[in-house]
Undergrad: 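This is the structure, below, for whatever I ask next.
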Protein chains: 2
Amino acid sequence: MDLVNRPRDPVDTNTRTEALNLLKAKGLYKTRARVAVIGVLLQSDSPMSQDQIAQRLRHRYDRVTIYRTLASLRSAGLVHRAFTGNRTWQFELSRNCWEDQCHPHLTCSRCGKTHCLVGLEPPIACRSYNGFVIHRQQVHFEGICPQCSPCAHTDGH
Amino acid sequence: MDLVNRPRDPVDTNTRTEALNLLKAKGLYKTRARVAVIGVLLQSDSPMSQDQIAQRLRHRYDRVTIYRTLASLRSAGLVHRAFTGNRTWQFELSRNCWEDQCHPHLTCSRCGKTHCLVGLEPPIACRSYNGFVIHRQQVHFEGICPQCSPCAHTDGH
DNA sequence: CGGGAATCTGTAACCTTGTTGCATTTTTCC
DNA sequence: GGAAAAATGCAACAAGGTTACAGATTCCCG
Ligand SMILES: [Mn+2]
Ligand SMILES: [Mn+2]
Ligand SMILES: [Zn+2]
Ligand SMILES: [Zn+2]
């Protein structure tokens, strides 16, 4: 059980405790990979791709393990996916939003990071529209994030 | 020039003429592949993936050719891409909407087809929001299309 | 504790979508 | 008709993601 506390993973004690609590609450096995992945997502303010998570964890875990870890967390409801313009999934914790009703996201064309736009209204259409039954909806933007557009606040627009 | 009229492609005379006109208007080379791809998109009321287009054309053209054909049409402004939940691009003619401001789309979980929801309001956010510069926006739904939900009109919901 | 069942992990192999290089074929225009 | 420009087919490649299976962890209960 103490093997879970692998020192090299970039997860501090508080985050690790929180991750363990989340796993416990869902009745999931407590494994190093899961603690590490949840830790990374807890410390991130934006969704992350499998590759970004793996990099953050210094490739200490196999690609497949990360995918499967995310799948477990997802089916437990702890994590959900957001789709973006490029064809990679972005994963984030299901704290304020869920896979079927998610705030909009913006993917920055310059730095490639996906940001959460929590201030914008998520619901565009209700459960059914014109014969279509709507299960999930997501809004995606492409553009430039504030960090990448220093001219944003000097620009008159 | 008559080689363009390959009889086996599922494109009738009117559609072929329309495709040739579009190519002429944009100053693009008139090739069988382009006429065929435009024809398929003209006859489709919903966006199609490369694979769907290739199937419709009975794999008479190489995958790469279809991709490059779509790239040409796209840079000429005749076609644009919409992204969906799965990681494949969906291509449609740029008639009523464009890549940077597109009506919402719904991908049916049952038949896998992507439908255009032209009645819904496209614009959610303006060009800039809270420091983010927005270049493109797209809304995507997952659900069941009317053809796949016969219970939709008998259901009380 | 200790041991067995259930579950997770790593490795390898595989699939799909999409792109690139290069030689050959078409298209255009004169 | 013939040359330049562009498009095509083929092979190879890359990235994201999934599956199979053997070996390692985790859990639970006595
Ligand atoms: Mn988010
Ligand atoms: Mn559409
Ligand atoms: Zn950025
Ligand atoms: Zn359907």
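First the proteins, then the strands, lettered A, B, ... as listed; each starts at 1. From a predicted model like this one, the values you see are computed outputs, not experimental measurements.
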Undergrad: Tell me: NE2 of A:His59 to C1' of C:dT11, nearest whole Å?
TA: 17 Å
Undergrad: Any side-chain to backbone donor/acceptor pair from B:Thr107 onto B:Gly112? Under 3.5 Å, distance only.
TA: no
Undergrad: Expressed in angstrom and rounded to an integer, what is the separation of B:Lys24 atom NZ from C:dT27 atom P?
TA: 16 Å
Undergrad: Search all heavy atoms of A:Tyr29 against all heavy atoms of A:Arg34 and return the closest pair with its distance.
TA: O-NH1, 3.1 Å
Undergrad: Given side chain to side chain contact (heavy atoms under 4.5 Å, CB included), test B:Gln90 with B:His140 step by step and report yes or no.
TA: CA-CA 12 Å; B:Gln90 301 280 130; B:His140 184 250; over 6 Å; no
Undergrad: D:dT8 C1' sits how many Å from B:Lys30 NZ, rounded?
TA: 19 Å
Undergrad: Taking only nitrogen or oxygen atoms into account, show me every contact under 3.5 Å that the protein makes with nucleotides 4-9 of chain C, one pair per line with its distance.
TA:
{"from": "C:dC8", "atom 1": "OP1", "to": "A:Arg34", "atom 2": "NH1", "distance (Å)": "3.0"}
{"from": "C:dC8", "atom 1": "OP1", "to": "A:Arg34", "atom 2": "NH2", "distance (Å)": "2.4"}
{"from": "C:dC8", "atom 1": "O5'", "to": "A:Arg34", "atom 2": "NH2", "distance (Å)": "3.3"}
{"from": "C:dT9", "atom 1": "OP1", "to": "A:Thr31", "atom 2": "OG1", "distance (Å)": "2.8"}

Undergrad: Only one of A:Leu23, A:Leu22, A:Ile38 passes side-chain contact (heavy atoms from CB on, under 4.5 Å) with A:Leu28; say which it is.
TA: A:Leu23
Undergrad: Under the side chain to side chain contact (heavy atoms under 4.5 Å, CB included) criterion, do B:Lys26 and B:Leu73 qualify, and how do the steps go?
TA: CA-CA 9 Å; B:Lys26 295 294 181 181; B:Leu73 300 179; over 6 Å; no
Undergrad: Is A:Arg74 reaching over with its side chain to a backbone N or O of A:Arg81, donor-acceptor style, under 3.5 angstrom?
TA: no
Undergrad: Can I get a per-line list of side-chain donor-acceptor pairs under 3.5 Å for residues 48-55 of chain A, giving both atom names and the distance, sequence neighbours left out?
TA:
{"from": "A:Ser49", "atom 1": "OG", "to": "A:Gln52", "atom 2": "N", "distance (Å)": "3.2"}
{"from": "A:Ser49", "atom 1": "OG", "to": "A:Gln52", "atom 2": "OE1", "distance (Å)": "3.3"}
{"from": "A:Gln50", "atom 1": "OE1", "to": "A:Tyr67", "atom 2": "OH", "distance (Å)": "3.4"}
{"from": "A:Gln52", "atom 1": "OE1", "to": "A:Ser49", "atom 2": "N", "distance (Å)": "2.8"}

Undergrad: Sort me out a list of protein N/O and nucleotides 14-17 of chain D N/O pairs below 3.5 Å, or just none if empty.
TA:
{"from": "D:dG16", "atom 1": "O3'", "to": "A:Arg87", "atom 2": "O", "distance (Å)": "3.4"}
{"from": "D:dG17", "atom 1": "OP1", "to": "A:Trp89", "atom 2": "N", "distance (Å)": "2.6"}
{"from": "D:dG17", "atom 1": "OP2", "to": "A:Tyr67", "atom 2": "OH", "distance (Å)": "2.7"}
{"from": "D:dG17", "atom 1": "O5'", "to": "A:Tyr67", "atom 2": "OH", "distance (Å)": "3.2"}
{"from": "D:dG17", "atom 1": "N7", "to": "A:Arg63", "atom 2": "NH1", "distance (Å)": "2.7"}
{"from": "D:dG17", "atom 1": "O6", "to": "A:Arg63", "atom 2": "NH2", "distance (Å)": "3.1"}

Undergrad: Under 3.5 Å, is there a donor-acceptor pair between the A:His80 and A:Glu92 side chains?
TA: yes
